[in-house]
Amino acid sequence: MDAEHDRCPCGSGDRFVDCCGRYLLDGGRAPTAEALMRSRYTGFATRDRDYLLASWHPSTRPDELLLDEEMIWRHLDIVATDAGGPWDESGTVEFVAHYRVDDGTAIGKRGRLHETSRFVREDGRWLYVDGGFDALAD
């Protein structure tokens, strides 16, 4: 990914460097739960294991995170948010993440991950706690 020129995978329309790159590359703090969720989606899309683990709450963070190299994250839709603003201590973000699995065919296997994620803000930093999800085939 060319951070200076490529659009951010989160779908904001902004350049990566001006969007989620501020958090993944520069160590900035996401101001809202939705911004953290978008940056975590970008972390999955770019396979940034270190960022994903660092933005995960210690009480639920796995010791190791295995990322499927054949999973290609294609598009993110934010469905709803509840709280999670700059002055909140917790919040949820419901989203649908569209993906394709590179199975060697021209089209690949398509699917969607529909999740409602929970976030908390501790010491001014938003962290992912957990989420309830459904994986749906397209």
Side-chain angles (χ1 to χ4, degrees):
M1 166 174 272
D2 179 353
E4 187 64 31
H5 299 100
D6 287 352
R7 297 288 171 207
C8 190
C10 83
S12 68
D14 294 331
R15 294 179 312 155
F16 173 70
V17 71
D18 296 325
C19 192
C20 294
R22 295 177 291 174
Y23 316 124
L24 278 77
L25 302 175
D26 298 334
R29 291 183 173 190
T32 65
E34 180 180 343
L36 181 64
M37 204 250 77
R38 286 180 173 278
S39 72
R40 286 181 53 81
Y41 170 85
T42 298
F44 278 101
T46 61
R47 294 179 179 85
D48 191 333
R49 187 177 284 104
D50 291 339
Y51 178 76
L52 292 167
L53 289 171
S55 61
W56 210 314
H57 194 276
S59 68
T60 57
R61 178 177 44 222
D63 293 330
E64 185 178 357
L65 181 60
L66 301 175
L67 299 175
D68 186 344
E69 297 297 322
E70 295 176 351
M71 180 85 64
I72 302 166
W73 295 99
R74 306 293 294 173
H75 180 73
L76 175 66
D77 293 316
I78 302 297
V79 176
T81 61
D82 183 34
W87 295 277
D88 294 316
E89 296 300 316
S90 63
T92 61
V93 179
E94 180 183 0
F95 65 93
V96 178
H98 303 262
Y99 63 87
R100 182 177 295 167
V101 177
D102 183 2
D103 62 0
T105 65
I107 297 175
K109 179 183 173 188
R110 297 175 189 214
R112 295 174 284 149
L113 175 72
H114 183 187
E115 178 173 327
T116 300
S117 296
R118 292 188 316 131
F119 298 88
V120 295
R121 191 166 59 113
E122 293 183 353
D123 299 322
R125 182 174 178 209
W126 283 102
L127 297 166
Y128 169 77
V129 177
D130 59 19
F133 62 90
D134 296 311
L136 309 167
D138 279 345

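Remember, it's a predicted structure, so these values are computed and weren't measured experimentally.
Residues Leu67 and Arg49 have side chains in contact (heavy-atom distance under 4.5 Å, counting atoms from C-beta outward). In this structure the side chain of Leu36 never reaches within 4.5 angstrom of the side chain of Tyr23, judged on heavy atoms. With a 4.5 Å cut-off on side-chain heavy atoms, Asp102 and Ile72 count as touching. Residues Cys20 and Arg38 have side chains in contact (heavy-atom distance under 4.5 Å, counting atoms from C-beta outward). Side-chain contact check for Arg29 versus Trp126: every heavy-atom pair is 4.5 Å or farther apart. Side chains of Thr81 and Glu94 form no contact here, defined as non-hydrogen atoms less than 4.5 Å apart. Side-chain atoms of Phe119 and Val93, non-hydrogen and from C-beta on, do get closer than 4.5 Å to each other. In this structure, the side chains of Pro62 and Leu53 come closer than 4.5 Å at one or more pairs of heavy atoms.
Of all the heavy atoms in Leu127 and Ala54, the pair that sits closest is CD2-O, 3.9 Å. Val129 and Trp56 make their closest contact through O-NE1, 3.7 Å (heavy atoms, listed as atom of the first residue, atom of the second, distance). For the pair Glu69 and Arg47, the tightest heavy-atom approach, listed with the atom from each and the gap, is O-NH2, 2.7 Å. Residue Arg40 comes nearest to Leu52 through the heavy atom pair NH1-O, 2.8 Å, listed as atom of the first residue, atom of the second, then distance.
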(request) Check the pair Glu115 / Val96 against side-chain contact (heavy atoms from CB on, under 4.5 Å), numbers first and verdict last. (result) CA-CA 6 Å; Glu115 178 173 327; Val96 178; over 6 Å; no
(request) Report the C-alpha distance between Leu24 and Thr42 in whole Å, list the side-chain angles of each, state the deciding distance to 0.1 Å, and finish with yes or no for side-chain contact (heavy atoms from CB on, under 4.5 Å). (result) CA-CA 9 Å; Leu24 278 77; Thr42 298; 4.2 Å; yes
(request) Could you please spell out the steps behind the side-chain contact (heavy atoms from CB on, under 4.5 Å) verdict for Phe133 and His114? (result) CA-CA 5 Å; Phe133 62 90; His114 183 187; over 6 Å; no
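If you check the side chains of Glu34 and Thr32, you find no donor sitting under 3.5 Å from an acceptor. When only modelled atom types and interatomic distance are considered, Tyr51 and Ser39 share a side-chain donor-acceptor pair under 3.5 Å.
Sorted by first then second residue, the salt bridge (Lys or Arg N to Asp or Glu O under 4.0 Å) pairs that include residues 116-126, not counting sequence neighbours, are Glu89-Arg121, Arg118-Asp130.
Taken from CZ in Arg15 to CG in Asp6, the straight-line distance is 10.5 Å, to the nearest 0.5 Å.
Of the possible donor and acceptor atoms, one in the side chain of Arg7 sits under 3.5 Å from a partner among the backbone N and O of Gly13. In this structure, the side chain of Arg22 engages the main chain of Asp18 through a donor-acceptor pair within 3.5 Å. Judged by distance alone, the side chain of Trp73 and the main-chain N or O of Tyr41 form no donor-acceptor pair under 3.5 Å.
A cation-pi geometry, defined here as NZ or CZ lying under 6.0 Å from the six-membered ring centre and within 45° of its normal, does not hold between Arg74 and Tyr99.
Under the 4.5 Å side-chain contact rule for hydrophobic residues, Leu65 and Leu113 share a cluster.
In this structure Glu64 satisfies the side-chain hydrogen bond (donor to acceptor under 3.5 Å, both in side chains) test with no other residue, sequence neighbours excluded.
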